[in-house]
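Please read the structure below before turning to the comments.
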Amino acid sequence: MGPKYKVTGCARFFVFLVLFVPAVFFGAAYFRGENGVKIIKDFYHSIVGGRSVAKEAEEAKDQAKEEAKTEAKDKEIDRLKREIEEKDKEIEKLKSGEK
């Protein structure tokens, strides 16, 4: 008497994929020196809407860049204000006839 149920070729293929694809993914991640579980968690949180560690780090980096740009702009503005004040003083001296 034969088996009650036979496994079709399509079912075998899907079982193979269910076992093979994750093994290849985690193997490739391990080979590249990455953490496969972290990659999946970050991907899941990006879809669900949670904040991932990578996004927070990127936002902190962007904020630091913006602060540096703002600080540089403030220094440039102060330098230009001093330069304008010096030029105004020089103009006043020239108008009054002093040298």
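In this chain, numbering begins with 1 at the start of the sequence shown.
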Honestly curious: do [X] and [Y] fall in one hydrophobic cluster under the side-chain, below-4.5 Å linking rule?
X	Y	answer
Ile40	Ile47	no
Phe13	Val21	yes
Ile77	Ile84	no
Val7	Tyr5	no
Ile39	Tyr44	no

Under the side chain to side chain donor-acceptor pair (under 3.5 Å) rule, collect the residues that match up with Gln63, sequence neighbours excluded.
none
Measure the [atom1]-[atom2] distance between [X] and [Y] for me, rounded to the nearest 0.5 Å.
X	Y	atom1	atom2	result
Asp74	Lys69	CG	NZ	14.0 Å
Asn35	Phe26	CG	CZ	8.5 Å
Glu83	Asp88	CD	CG	11.0 Å

Looking at Glu90 and Lys93, is there a salt bridge between them, counting it only when a charged N and a carboxylate O are closer than 4.0 Å?
no
Does this structure show an ion pair linking Asp42 with Lys38, if we count only N-O contacts that are shorter than 4.0 Å?
yes
Decide yes or no for Glu66 and Asp62: does some side-chain heavy atom of the first lie under 4.5 Å from some side-chain heavy atom of the second?
no
Does Phe43 have more than 12 heavy atoms from other residues, nucleotides or ligands lying within 6.0 Å of its CZ?
no
Mind running salt bridge (Lys or Arg N to Asp or Glu O under 4.0 Å) on Lys89 and Glu85 for me, showing each step along the way?
CA-CA 6 Å; Lys89 288 178 183 177; Glu85 288 174 1; 5.6 Å; no
